[in-house]
Chemist: 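Structure below; questions to follow.
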Amino acid sequence: MTASPPTRLTIDLAAVCTNWRRMAQRIAPAECAAVVKANAYGLGAEKVGPALYGVGARTFFTAHLEEAVALRSVLPRDASISVLNGLLPGTEAIYQDYGLTPVLNDLGQVTLWSKRATAEAAALAAFLQIDTGMHRMGMDVGEFRTLLAEPERLAGIDVSALMSHLACADDGDHPLTLQQYNRFKTAQTDLARSLGRTVSGSLANSAGLWRDTALVGDLARPGCALYGVQPCNDLVADIENPVRLEAQIIQVRTLETAGQIGYGATRTLPAGSRVATIPVGYADGYLRSIGDQACVLLDGRRIPLVGRVSMDLITLDVSAIPESVAVPGRWVDVIGSETSPDRLAAMAGTIGYEILTSLGSRYDRHYV
Ligand SMILES: *Cc1c(COP(=O)(O)O)cnc(C)c1O
């Protein structure tokens with residue numbers, strides 16, 4: 001006999017695909033890629049990847065080489081899989097064996113890939129990443145100038161696109177976005193001139209794509225918006241939340257006298273109050289910093305949390321719910337239409353990305 005767990009994390013792959021399609025339509029004829037790093041933001045790259053391929057996605061980005069290798073085993077060969085973190089020395093053969101496309105983030109990586117191409121007498125695809133103001137990844141201005149002056153450094157490399165990453169596209173007022181865009185367009189023009197042919201560009205993440213399609217260029221790289229996380233703090237993107245977390249009530253008690261609830265005894269409820277406990281805690285990604293501001297849904301009714309989030313448990317004040325409803329075994333909606341990952345994130349002082357990537361670790365995921 002297998003125990004069925006008292007929690008259920010359900011991923012609606014159709015909603016992920018709908019989100020991708022809406023973005024692909026929004027930016028057509030530019031291409032819409034899919035960023036599936038960190039196991040598709042916790043939702044499961046081995047399911048999300050093929051589902052998105054099925055609706056037309058052909059370009060995928062991971063953060064790590066290992067993630068890309070794993071993804072290759074579930075995606076057909078005509079899917080391009082790229083590794084954002086770059087080409088580390090000694091890994092060239094792995095890229096070739098699995099048909100992966102490196103993102104070249106400095107001149108050393110350009111040299112490695114060009115040498116490989118020359119040795120194999122083959123044209124090898126790669127993205128070239130430049131830094132336009134985030135100062136995290138990609139060639140800096142000096143390196144890029146060297147490349148423009150010595151384009152033979154790219155011998156054997158088939159440049160899929162020049163790319164860069166926006167630091168502040170989520171924030172409508174931030175001047176850096178336009179600065180990055182202008183630097184990027186100049187760099188793209190300069191590279192085309194230096195190579196004597198046009199070069200595709202890829203600048204926008206989810207926030208850039210929803211803020212202004214002019215930021216996209218030829219290839220958008222959305223991540224969070226595929227998974228229902230709103231990318232911009234000043235506009236609402238037309239996307240759906242594919243994540244639902246449910247848990248069963250595992251114990252219910254009635255307080256005989258007024259009593260304090262949970263670690264730190266932070267909350268006191270009057271005599272006669274009823275408290276239900278469910279097996280979701282911060283070890284599951286239900287962040288402790290959510291505090292007890294959140295609600296769950298029981299039988300369509302909003303139930304407030306009471307007391308601190310424990311490692312494996314949270315407590316609910318079910319005093320207002322009929323005794324026949326708040327009973328062990330009843331399923332409670334913890335995350336879903338009522339409480340999105342974004343809402344929980346706001347309560348916890350973080351972003352929806354962190355909620356999603358934290359959720360993935362402990363639960364069995366079910367796909368619909
Ligand atoms: C993570 C990442 C993305 C996707 O960003 P979202 O904000 O999740 O859309 C795109 N490009 C790069 C380089 C990234 O690191």
Side-chain angles (χ1 to χ4, degrees), residues 16 19-20 22-24 26-27 30-43 45 48-49 52 57 59-65 67-68 71 80-87 101-106 109 126-139 160-172 174 176-177 180-181 184 200-213 215-235 237-239 241-243 341-342 345 350-360:
V16 176
N19 293 340
W20 183 85
R22 285 188 194 153
M23 289 191 270
R26 183 178 168 82
I27 63 169
E31 186 188 347
C32 191
V35 177
V36 294
K37 62 193 181 189
N39 200 21
Y41 292 46
L43 274 59
V48 167
L52 289 177
T59 303
F60 296 81
F61 289 91
T62 67
H64 294 287
L65 178 57
E67 295 172 340
L71 194 61
S80 154
I81 306 175
S82 287
V83 179
L84 293 167
N85 285 3
L87 180 69
T101 309
V103 173
L104 305 175
N105 286 317
D106 64 30
Q109 297 182 7
F127 286 90
L128 282 184
Q129 180 160 224
I130 55 168
D131 173 41
T132 50
M134 190 173 181
H135 300 114
R136 185 182 71 166
M137 290 290 273
M139 278 175 261
S160 300
L162 182 70
M163 62 175 269
S164 191
H165 192 45
L166 297 168
C168 304
D170 56 318
D171 176 355
H174 211 291
L176 185 55
T177 304
Q180 287 194 275
Y181 172 79
F184 185 74
S200 294
S202 175
L203 182 62
N205 55 356
S206 302
L209 183 161
W210 284 102
R211 174 161 309 291
D212 186 349
T213 52
L215 292 168
V216 166
D218 303 287
L219 177 73
R221 305 186 312 271
C224 72
L226 292 171
Y227 313 115
V229 168
Q230 284 290 335
C232 298
N233 55 21
D234 57 340
L235 59 88
D238 181 21
I239 53 172
N241 169 32
V243 178
D342 280 331
T350 182
I351 52 178
Y353 302 65
E354 191 180 5
I355 301 287
L356 287 190
T357 53
S358 308
L359 273 180

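Whatever order the structure lists them in is the order used to number ligands and atoms, beginning at 1.
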Chemist: Name all residues meeting the salt bridge (charged side-chain N to carboxylate O under 4.0 Å, His left out) criterion together with Asp212; count only those two or more places apart in sequence or in a different chain, and write none if there are none.
Modeler: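 Residues passing salt bridge (charged side-chain N to carboxylate O under 4.0 Å, His left out) with Asp212: none at all.
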
Chemist: List ligand 1's nitrogen or oxygen atoms that come under 3.5 Å of a protein nitrogen or oxygen, with the partner atom and distance.
Modeler:
unit_1   : atom_1 : unit_2 : atom_2 : d
ligand 1 : 7 (O)  : Tyr353 : OH     : 2.6
ligand 1 : 8 (O)  : Tyr41  : OH     : 2.5
ligand 1 : 8 (O)  : Cys224 : N      : 2.8
ligand 1 : 9 (O)  : Ser206 : N      : 2.9
ligand 1 : 9 (O)  : Ser206 : OG     : 2.5
ligand 1 : 9 (O)  : Gly223 : N      : 2.8
ligand 1 : 11 (N) : His165 : ND1    : 3.4
ligand 1 : 11 (N) : Arg221 : NE     : 3.0
ligand 1 : 11 (N) : Arg221 : NH2    : 3.2
ligand 1 : 15 (O) : Lys37  : NZ     : 2.7
ligand 1 : 15 (O) : Arg136 : NH2    : 3.4

Chemist: Between Asn241 and Val243, is there a donor-acceptor pair closer than 3.5 Å when you use the side chain of the first and the backbone of the second?
Modeler: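 Flag set: sc Asn241 to bb Val243 pair under 3.5 Å.
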
Chemist: List the atom pairs, donor and acceptor, that lie under 3.5 Å between side-chain atoms in residues 221-228 and the rest of the protein, sequence neighbours left out.
Modeler:
unit_1 : atom_1 : unit_2 : atom_2 : d
Arg221 : NH1    : Ser164 : O      : 3.3
Arg221 : NH1    : Ser202 : O      : 2.8
Arg221 : NH1    : Ser202 : OG     : 2.9
Arg221 : NH2    : Ser164 : O      : 2.8
Arg221 : NH2    : His165 : ND1    : 3.3
Tyr227 : OH     : Val35  : O      : 2.8

Chemist: Looking only at the side chains, is there a donor atom on one of Gln129 and Asn105 sitting less than 3.5 Å from an acceptor on the other?
Modeler: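 Their side chains do contain a donor-acceptor pair, which is all the 3.5 Å distance test asks for.
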
Chemist: Using the side chain to side chain contact (heavy atoms under 4.5 Å, CB included) criterion, which residues pair with Leu176? Sequence neighbours excluded.
Modeler: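 Scan of Leu176 (side chain to side chain contact (heavy atoms under 4.5 Å, CB included), adjacent residues dropped) gives Ala167, Cys168, His174, Gln179, Gln180, Arg183.
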
Chemist: Are Arg26 and Asp238 ion-paired here, with the side-chain N under 4.0 Å from a carboxylate O?
Modeler: no

